[in-house]
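Input: a single structure, listed below in structure tokens.
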Amino acid sequence: MTTVAVKPATMAQALTRALRDAMAADPSVHVMGEDVGTLGGVFRITDGLAKEFGEDRCTDTPLAEAGILGTAVGMAMYGLRPVVEMQFDAFAYPAFEQLVSHVAKMRNRTRGKMPLPLTIRVPYGGGIGGVEHHSDSSEAYYMATPGLHVVTPATVADAYGLLRAAIASDDPVVFLEPKRLYWSKDAWNPEEPATVEPIGRAVVRRSGRSATLITYGPSVPVCMQAAEAARAEGWDLEVVDLRSLVPFDDGTVCASVRRTGRAVVVHESGGFGGPGGEIAARVTERCFHHLEAPVLRVAGFDLPYPPPMLERHHLPGVDRILDAVGRLQWEAES
Amino acid sequence: MTTVAVKPATMAQALTRALRDAMAADPSVHVMGEDVGTLGGVFRITDGLAKEFGEDRCTDTPLAEAGILGTAVGMAMYGLRPVVEMQFDAFAYPAFEQLVSHVAKMRNRTRGKMPLPLTIRVPYGGGIGGVEHHSDSSEAYYMATPGLHVVTPATVADAYGLLRAAIASDDPVVFLEPKRLYWSKDAWNPEEPATVEPIGRAVVRRSGRSATLITYGPSVPVCMQAAEAARAEGWDLEVVDLRSLVPFDDGTVCASVRRTGRAVVVHESGGFGGPGGEIAARVTERCFHHLEAPVLRVAGFDLPYPPPMLERHHLPGVDRILDAVGRLQWEAES
Amino acid sequence: MTVMEQRGTYRPAPPPAWQPRTDPAPLLPDAEPYRVLGTEAAAKADPELLRRLYAELVKGRRYNAQATALTKQGRLAVYPSSTGQEACEVAAALALEERDWLFPSYRDTLAVVARGVDPVEALTLLRGDWHTGYDPYEHRVAPLSTPLATQLPHAVGLAHAARLKGDDVVALAMVGDGGTSEGDFHEALNFAAVWQAPVVFLVQNNGFAISVPLAKQTAAPSLAHKAVGYGMPGRLVDGNDAAAVHEVLSDAVRHARAGGGPTLIEAVTYRVEAHTNADDATRYRGDAEVETWKQHDPIALLERELTGRGLLDEAGAETARRDAETMAADLRAHMNEDPALDPMDLFADVYAEPTPQLLEQREQLRAELAAEAEQEGVQG
Amino acid sequence: MTVMEQRGTYRPAPPPAWQPRTDPAPLLPDAEPYRVLGTEAAAKADPELLRRLYAELVKGRRYNAQATALTKQGRLAVYPSSTGQEACEVAAALALEERDWLFPSYRDTLAVVARGVDPVEALTLLRGDWHTGYDPYEHRVAPLSTPLATQLPHAVGLAHAARLKGDDVVALAMVGDGGTSEGDFHEALNFAAVWQAPVVFLVQNNGFAISVPLAKQTAAPSLAHKAVGYGMPGRLVDGNDAAAVHEVLSDAVRHARAGGGPTLIEAVTYRVEAHTNADDATRYRGDAEVETWKQHDPIALLERELTGRGLLDEAGAETARRDAETMAADLRAHMNEDPALDPMDLFADVYAEPTPQLLEQREQLRAELAAEAEQEGVQG
Ligand SMILES: Cc1ncc(C[n+]2csc(CCOP(=O)(O)OP(=O)(O)O)c2C)c(N)n1
Ligand SMILES: Cc1ncc(C[n+]2csc(CCOP(=O)(O)OP(=O)(O)O)c2C)c(N)n1
Ligand SMILES: [Mg+2]
Ligand SMILES: [Mg+2]
């Protein structure tokens, strides 16, 4: 990978660029959703696309999520590659039947005759001071729906690479965008967007020997901070960014846990029935005899997402993560 | 508990009786859904209720699940206790937004001022030779939604007791009825329906010392069969019927696993992101040092529910369960 | 400007943005369902078309009877018969050009077959060996849709996509009276009208959604009256009058093809049989109603027209019946063969490439099947 | 009977089940939005009502301005202003009796306050200390609804339940033009009509759903034309004419109360401000359009009527303004106080009884907060 001089870009910019490059590269890519055209989306991710590619390629739809996803299914049936924007996570729920009963199943129903190359972009998670229904984390629903890929970037470069990969995929991809990282910046060269990440590979964001933090999306930066803070406690934490929840990269995750012998899964989605259960269970199945302690989970509480003034108590932060690390039965060591 | 002479009854009959008794006991209980009135429901669970209580108490609604659940919310707001029937599991998806954004949240949104005493009956699971969209298991979606209770009976007596408890609950309950057990029979005295089970308690259906099968709903009888068959292999299996997925009875489950030291979670819902992950993870968190082997999971495959002629390959059966039991690292014993 | 200064400057005007953008009058349906057979309009109908419709109706009814019989014999998991509704089924298929698309619901096997799909493949779903038995692209027929009304937005999206690509394609989407209550019906019609997509929506109002009669489904003057609320024309047609349904559908298809946008058509018909073989219709309706409708049978209606005009004699009717019998015998023969099943197919098309997790599960099943086979070998 | 024997017996008849059950004509809206101010109808309007409306409009506008200012000061998380739409907001509240229910959307804080809810509690959601700040049962006002159109079926269910219980209660549900595209709108209206529930649906067509203009939302002649498709009357009203909105709403409420069933009302109005403080309206609309609408301002319209008829003088207007200022000062004062927050409340009302799991989590948070406090104590 040859990288030239890079400058800081936001995740939002990288996503916009990914859409633009995908549309330029392939005339069958169509962007659609509420306010994605003239306005450029409420988060401005589709900014400029309607102007550059015309309203037929970047379309303001009527306000109806089942209709958006349902018509996108029809468009995909006819060979287009729709990229649908759901305005907020909770506003994707009206489209749930289309998603589960058609999007996820169509390839299988038709013995592969009718694949649906569809990308569903969903801004998810909290931490932006949103009022109710604006901060849900719904990845558990998508993970439990076979037939979908579920992908989520945590870095500016991945936002670009994974979104390109999602659009290029011949299968439906739920592309979860961590709202509160939209404005996160990173050194990234938008003029040379470099690699398109393959879907399904986790990455070790930070190497360490004491324990592994397994995480994704909005919780990746928090885990990185926790790993920094943990040094003071004498822990050298490894951080694995899953990037793809489906398919799940057992290889990378288990290699790390086998090395460290301890793991904490971190996400802001509710704990009970959340992604962490699956992750902890499968890591334990595969690495049982390498584990010095049970795989612990740090997650949002099991309650409706709190109002803005209380959300900081809900979101897993550095202290809560370190607290869990502290409960990894270090006594056994000594 | 004084029980008189009992005769066999089906789970369907017990459910009907529970609805009837609840309606007779409390005039605020209203049954509503597609075909629940004149027809008595496609599974005949509401048979006779419209005749006995009138169409205002047992109402054939227009064909629109979000409308059914949404109007039920309004009725509950006004002090009624609606009992909604979703015709099949997959046909509850159109109501997903109402369920997640309102039903599950209303009490919390209003600081307890506006509770929603709502029961949502959902026939779930496969094994009945249903064509596509008629055999989904969607409990993972409901488990991941804080604010809902999720309950599922496996016996005739529990069908009665838990449904009465669900209707009596001041919180919304998703009441999952295992379709293929509708016609299962059991000695039960419909004239003295006896105990209303409290929600949230698991029960040990069969005691054993070798390992624990943790299961619920349609998989309970399969696990009982597996436990019988296991005797030939020298295993004495304990079977725990969860009955309530939310709240989760950690006490009963963990007491069993601590006793046996080994556990397999069994359900027919897809494995990945399914209930088993949560269950395995929380058991492991709580019983790590009692475990001789990782908690294993036997579940449906991670694919859209198969067509009738292939479903038997998908559903966890006795062999697949015993196979998992066999992988519980018995070598360590010897 | 103070309140006082404003005095006298007051010139009322309507709210500035208000102009009705569409004249509602032409969008409203006629008060009576449109009919051709037995009216003067019948004289203008193409005899060839009428004969073709007749042959297809007879075949369709026979197909329904055969499929129902196969259900009783355990050869099909379930069959929702369209007996009594054959005029809608057949006209829907015949009103389309080959390049057009059909979006059927679970009751529309006849339309699927009339469109050219292999009669056995059309039954795969209901037999239960797979979900969709035919290649949707071969005859441009979407999978039979079970979740009600969900196929309607698909039709809109496909029609819209074709138009964007400059292709001359119309999509015809079928739905029942019950299905019109679903949100997806509403959203699909609205998208279609806003996009002026070349779609035709055909509602078969057969009086019932399983046990629920129309009166509990809607309070509207007619289902066709829903059209004006989307800004598209609504048409009401006698759904048992094959010539009328064909004409109204063809007009709507032409209209859509010419860039005129979508149309909503309500065909008034009746489900003569139970909802499916699993249903007991006596629980919710009397024989008298069914009998009344049998007097208005689509085949009889067309037969009378044809015979009255000397377009069909006993020999012609006999030929139609014989062709139908041949089809039925063929269907029976094929359906009595056990379908070839490979459990490994379960894993084949979940994704373009199976995930590592699915590969593991496939191996697990393979091992189980091998063990099973071995077991049987030992026992056998 | 063979084909031949049937000859001559053919007497065409319409399909037996067909009778239009409702006459569509009275359900259709007039071609022009109904208006009172500046027309002859104004003479019949109750002067007291007009003065009351005026005072409320002035207060409402001031409330919007104050809330918007509080947003800029960081005292509110977000505020969707209804400036320009005050006539709809106020009339909706005043058309109801105390025993009736209001189902507002997120933009309808003014209606909520006009109904009697404490102005500070009405802002709890938008301030961000809790989701719903008021007790819905105190003034019979449902929580402000964010997921679009989802409140409509609630209104139907509540009205239906009240009717079943024999209570004289009407529910008024508010929704935007964009919200009419959602499936829940369709399902709610259909249920209401089938059940003849005492509900009034008020659509504030303010021209936009965030950036999306009405023309991309619907192709209908008007949103009120959707009513006929459900078998309920549709009414079109000038949404900036407070007297007209009040009259049309009151008629519909009376109609519902009398057992006449639901009504759909489209009030044509305009969102003068951006969607919320977070929105930049210049990205999708020009000043000219906004200016045109400002010429049709609801307060100015009513003011002209009142002054023209000598019902309002400068002193009266001044009083209204002063009352509004008092309210605003009061609101400002209260909103500048930090709300009392207890993180433990997070766990209080998830269920009637917290689950064992939630109790564990509550203890975890309690310990964290204690540790935090200790930490601060050490540092402080
Ligand atoms: C979303 C959804 N809800 C419920 C069902 C169950 N169901 C199957 S057919 C049917 C009645 C459909 O009636 P209608 O639309 O009039 O079609 P018809 O059966 O009369 O052809 C129902 C309720 C379903 N298939 N999909
Ligand atoms: C189900 C759902 N989808 C999307 C949104 C995001 N959203 C909030 S307001 C809005 C526009 C609503 O427009 P309209 O109904 O006309 O009401 P207005 O804002 O004009 O009052 C959108 C898309 C939402 N709140 N709910
Ligand atoms: Mg029907
Ligand atoms: Mg609007």
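Model, not experiment: these values are computed from the prediction. In what follows, chains carry the letters A, B, and so on, assigned in the order in which the sequence lines appear, proteins first and then strands, with residues in each chain numbered from 1.
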When rounded to the nearest 0.5 Å, the distance separating CG of D/L148 from CD of B/E97 is 8.5 Å
Note: vs chain B, highest number of non-hydrogen pairs under 4.5 angstrom among D/P356, D/A171, D/G157, D/P143 is D/G157
Can you tell me which portion of D/A348 sits under 4.5 Å from chain B's heavy atoms? Options are side chain, backbone, both or neither. neither
Heavy-atom distance under 4.5 Å to chain D: side chain of B/A66, backbone, both or neither? both
For each of B/P62, B/S28, B/A64, tally heavy-atom pairs with chain D at distances under 4.5 Å, and name the one with the top tally. B/P62
CG of B/D56 to NE2 of D/H160: how many Å apart, nearest 0.5 Å? 6.0 Å
Please state whether the side chain, the backbone, both or neither of B/H149 comes within less than 4.5 Å of a heavy atom of chain D. both
In terms of heavy-atom contacts, B/R109 and D/S145 come closest through NH2-CA, 4.4 Å
As an exercise, state the distance from CE of B/M75 to NE2 of D/H154, rounded to the nearest 0.5 Å. 13.0 Å
Measuring heavy-atom distances to chain D, does B/S101 have an atom under 4.5 Å in its side chain, in its backbone, in both, or in neither? side chain
Distance, nearest 0.5 Å, that separates CG of D/L164 from OH of B/Y78: 10.5 Å
Which region of D/L358, side chain (C-beta onward) or backbone (N, CA, C, O), has a non-hydrogen atom less than 4.5 Å from a non-hydrogen atom of chain B, or is it both or neither? neither
Comparing B/T59, B/I68, B/L63 against chain D, the one with the most heavy-atom pairs below 4.5 Å turns out to be B/I68
Do the side chain of D/Q357 and the main chain of B/P247 share a donor and acceptor less than 3.5 angstrom apart? no
Examine distances only and state if a side-chain atom of D/D349 and a backbone atom of B/R107 form a donor-acceptor pair shorter than 3.5 Å. no
When you measure from the side chain of D/Y351 to the backbone N and O of B/N108, does any donor-acceptor pair fall under 3.5 Å? no
What one should report as the nearest heavy-atom pair of B/K113 and D/P136 is CB-CD, 3.9 Å
Charged N to carboxylate O below 4.0 Å: is that the case for D/E360 and B/R286? yes
Nearest heavy-atom pair of D/A161 and B/L80: which atoms, and what distance? CB-CD1, 3.5 Å
Interface moiety of D/F103 toward chain B, non-hydrogen atoms closer than 4.5 Å: side chain
So which bits of residues 175-200 of chain D come within less than 4.5 Å of chain B, counting non-hydrogen atoms only? D/D184, D/E187, D/N190, D/F191, D/V194, D/W195
Could you check whether atom NZ of B/K51 has more than 12 heavy atoms from other residues, nucleotides or ligands sitting under 6.0 Å from it? no
Give the member of B/M114, B/R282, B/K105 that has the highest number of heavy-atom pairs under 4.5 Å with chain D. B/M114
If I compare all heavy atoms of B/H102 with all of D/P147, which pair ends up nearest, and what's the gap? NE2-CG, 4.2 Å
Is it true that, when you exclude D/E363 itself, more than 12 heavy atoms of the residues, nucleotides or ligands shown sit nearer than 6.0 Å to its CD? yes
Tell me whether the count of non-hydrogen atoms from other residues, nucleotides or ligands lying under 6.0 Å of CZ in B/R201 goes above 12. no
Contact winner vs chain B - D/L152, D/D167, D/T124, D/T146, heavy-atom pairs under 4.5 Å: D/D167
